[in-house]
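What follows is a single structure, written as structure tokens, with notes after it.
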Amino acid sequence: MIAALVAGALFTKQLLWTPISTINMTDIVSKQFRMTGASFVGTDKNGEPFKIHAKTGYQEYDNPDIVFMDGVSGRISRVNNGQRVTDDIKARHGKYNRIRRTVTLLGDVHVDSSNGDKIRTDELVITL
């Protein structure tokens, strides 16, 4: 970041001073891997398909196994009492743990199932 400020000043022949105290290094380091329109597609432990989409997502540099998501939507299929059920999900935020294979949905969680079931909650953990 500092190299970019110095290089910019050299190219424009203007001296640009930015106090170090105004640079939020925690934000720069913690959200290094940012995605827009991210989708995760796969199968769960039972071989049933899932698809999760996020308007935005990011990974933290020191926590690469978690994908933090905003504007989450998706579709998960499962078999319940011999019948295939499709769950359409929506939430404001979510966390996908690649190691545990869980999705934690947070904030205005809506699940509408093809069998007529509906869930409305603030937090829901789905094991894939």
Side-chain angles (χ1 to χ4, degrees):
M1 179 83 171
I2 294 172
L5 294 173
V6 172
L10 293 174
F11 286 118
T12 63
K13 298 189 185 228
Q14 296 176 356
L15 189 55
L16 177 62
W17 292 98
T18 301
I20 295 297
S21 62
T22 63
I23 298 173
N24 185 348
M25 292 304 290
T26 302
D27 195 42
I28 290 170
V29 170
S30 68
K31 298 177 183 174
Q32 286 195 357
F33 307 106
R34 183 163 290 283
M35 301 167 267
T36 303
S39 290
F40 307 96
V41 178
T43 55
D44 66 13
K45 63 184 176 185
N46 298 318
E48 298 298 327
F50 71 87
K51 179 179 181 178
I52 300 169
H53 178 79
K55 290 181 182 177
T56 61
Y58 67 91
Q59 290 177 283
E60 294 179 345
Y61 182 76
D62 57 351
N63 194 7
D65 296 329
I66 306 291
V67 178
F68 296 90
M69 303 173 287
D70 294 314
V72 181
S73 62
R75 178 168 281 184
I76 297 173
S77 296
R78 59 188 168 91
V79 176
N80 185 22
N81 294 328
Q83 179 185 14
R84 179 173 299 282
V85 178
T86 302
D87 299 320
D88 290 318
I89 60 172
K90 289 185 182 178
R92 277 191 277 148
H93 309 286
K95 294 187 290 187
Y96 174 54
N97 186 317
R98 298 182 323 167
I99 301 300
R100 293 184 183 162
R101 294 188 49 88
T102 60
V103 176
T104 302
L105 301 171
L106 304 161
D108 292 329
V109 179
H110 291 203
V111 179
D112 295 316
S113 299
S114 60
N115 66 359
D117 291 344
K118 294 184 184 304
I119 298 174
R120 303 294 185 258
T121 186
D122 288 327
E123 182 175 345
L124 179 68
V125 178
I126 300 170
T127 302
L128 300 172

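What's counted below: heavy atoms across the whole structure, side chains too, no hydrogens, waters or symmetry copies.
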So, taking the atom named [atom1] in [X] and the one named [atom2] in [Y], what distance separates them when rounded to the nearest 0.5 Å?
| X | Y | atom1 | atom2 | value |
| --- | --- | --- | --- | --- |
| D112 | K118 | CG | NZ | 4.0 Å |
| N97 | T102 | CG | OG1 | 4.5 Å |
| M69 | M35 | CE | CE | 9.0 Å |

Minimum heavy-atom separation for V72 and G94, please, with both atom names.
CG2-N, 3.7 Å
Among pairs that include at least one residue of residues 95-108, which meet salt bridge (Lys or Arg N to Asp or Glu O under 4.0 Å), considering only residues two or more places apart or in two chains?
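Residue pairs with at least one partner in residues 95-108: D65-R98, R92-D108.
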Quick test of your reading: applying salt bridge (Lys or Arg N to Asp or Glu O under 4.0 Å), list the pairs with at least one residue in residues 75-87, sequence neighbours left out, ordered by first then second residue.
E48-R84, R75-D88, R78-D87
Full working for side-chain contact (heavy atoms from CB on, under 4.5 Å) between F40 and V103:
CA-CA 11 Å; F40 307 96; V103 176; over 6 Å; no
All side chain to side chain donor-acceptor pair (under 3.5 Å) counterparts of N115, not counting sequence neighbours
D117
Pairing residues for D122 by the side chain to side chain donor-acceptor pair (under 3.5 Å) criterion, not counting sequence neighbours:
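Partners of D122 under the side chain to side chain donor-acceptor pair (under 3.5 Å) test: none.
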Evaluate side-chain contact (heavy atoms from CB on, under 4.5 Å) for H110 paired with R120, printing each intermediate quantity in order.
CA-CA 5 Å; H110 291 203; R120 303 294 185 258; 3.5 Å; yes
Among I52, I76, V111, T104, side-chain contact (heavy atoms from CB on, under 4.5 Å) partner for I126:
I76
Go through the structure and list residues passing ring-ring contact (aromatic ring centres under 6.0 Å, His included) with F68, not counting sequence neighbours.
Y58
Contact list for residues 35-46, test side chain to side chain donor-acceptor pair (under 3.5 Å), sequence neighbours left out:
S39-H53
